[in-house]
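To start, the structure itself, in structure tokens.
As the structure is a computational prediction, the values presented were derived from the model and not from experiment.
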Amino acid sequence: MRLLLLRHAKSDWDNPGLDDIDRPLNSRGKAASVRMGRYLVDNGLVPNQILCSTAQRSRETLSRLLPCLPHEAQIHLLLDLYQQSEDDYLPLVRKHGGRAPNLLVIGHNPAMEETATTLTGTGDGAAIESLREKYPTAGLAVLDFDIAEWSELQPGTGHLERFVKPRDLKDEAD
């Protein structure tokens with residue numbers, strides 16, 4: 001089974017009166033969301049199921065990924081991905097992941113970074129080092145597991161197949 005951990009794209013801080021949960025994406029975040037959506041498709045990382053935070057920036061990240069995907073995925077918007085963004089997401093993945101072979105989680109730091117590092121047992125050395133350096137907005141960790149359903153998920157059992165940052169990808173407009 002494959003877990004795709006995508007941190008929401010870059011958000012806009014121009015309106016200080018907005019509550020944190022209501023902050024939208026900025027123009028860079030919008031472009032990075034589409035870039036990552038294309039990357040998912042081009043690299044055979046198309047999710048069957050998506051768990052997405054209810055924060056505006058996460059939902060906008062999702063809305064820009066969806067047109068890139070070749071088929072529908074089951075989508076669950078979860079307030080807990082926002083509210084528990086200081087913790088790791090293991091309990092939420094176990095509870096809501098079911099048996100989706102390719103599960104995408106769109107959430108926040110530090111929980112995204114914590115989840116990826118907690119789950120990683122083996123993997124590409126450069127990817128692990130990059131993950132530990134910084135988990136930027138629209139960063140994507142791809143972890144593989146030998147389990148039958150997400151309720152079996154345990155720390156240290158994942159193989160970090162890759163860690164991708166949007167700045168590492170060429171955009172068609174570049």
If I take atom [atom1] from residue [X] and atom [atom2] from residue [Y], how far apart are they, to the nearest 0.5 angstrom?
X	Y	atom1	atom2	result
K10	S27	NZ	OG	11.0 Å
D88	L119	CG	CG	7.5 Å
M36	I106	CE	CD1	10.5 Å
R167	R35	CZ	CZ	11.5 Å

Side chains of [X] and [Y] in contact at under 4.5 Å (non-hydrogen atoms):
X	Y	result
P24	N15	no
L103	H96	no
P70	V41	yes

Under 3.5 Å: donor-acceptor pair, side chain of [X], backbone of [Y]:
X	Y	value
N43	L45	no
D12	D14	yes
Y89	L81	yes

Common cluster, [X]/[Y], ILVMFWY with side-chain heavy-atom separation under 4.5 Å:
X	Y	result
V93	L40	no
V164	L160	no
L90	L78	yes
L4	F163	no
L51	L6	no

**OP:** Just jot down the side-chain contact (heavy atoms from CB on, under 4.5 Å) partners of P101, sequence neighbours excluded, or say none.
**Re:** N48
**OP:** Please list all pairs passing the ring-ring contact (aromatic ring centres under 6.0 Å, His included) test where one or both residues lie in residues 22-48, with sequence neighbours left out.
**Re:** none
Original post:
Which residue pairs satisfy the side chain to side chain donor-acceptor pair (under 3.5 Å) criterion with at least one member in residues 115-136, sequence neighbours excluded?
Top reply: E114-T118, T122-H159, S130-K165
**OP:** Return each pair, listed once, that meets side chain to side chain donor-acceptor pair (under 3.5 Å) where at least one residue sits in residues 70-85; pairs must be two or more places apart or across chains.
**Re:** D20-Y82
Name the atoms and distances for all side-chain donor-acceptor pairs under 3.5 Å in residues 138-157, with sequence neighbours left out.
from, atom 1, to, atom 2, distance (Å)
D144, OD1, R2, NE, 2.6
D144, OD1, R2, NH2, 3.1
D144, OD2, R2, NH2, 2.9
E149, OE1, R99, NE, 3.3
E149, OE1, R99, NH2, 3.0
E149, OE2, S151, OG, 2.7
W150, NE1, A100, O, 2.8
E152, OE1, A148, N, 3.1
T157, OG1, Q154, O, 2.6

Original post:
Where do M112 and V105 come nearest, in terms of heavy atoms and distance?
Top reply: CE-O, 3.9 Å
**OP:** Heavy atoms only: give me the nearest L104-P47 pair and the separation to one decimal.
**Re:** CB-CB, 3.7 Å
Got a list of side-chain donor-acceptor pairs under 3.5 Å for residues 58-69, not counting sequence neighbours?
from, atom 1, to, atom 2, distance (Å)
S58, OG, H108, NE2, 3.4
R59, NE, T54, O, 2.8
R59, NH2, Q56, OE1, 2.7
E60, OE1, L25, N, 3.2
E60, OE2, Q56, NE2, 2.7
T61, OG1, A9, N, 3.0
T61, OG1, R57, O, 2.8
S63, OG, E60, O, 2.9

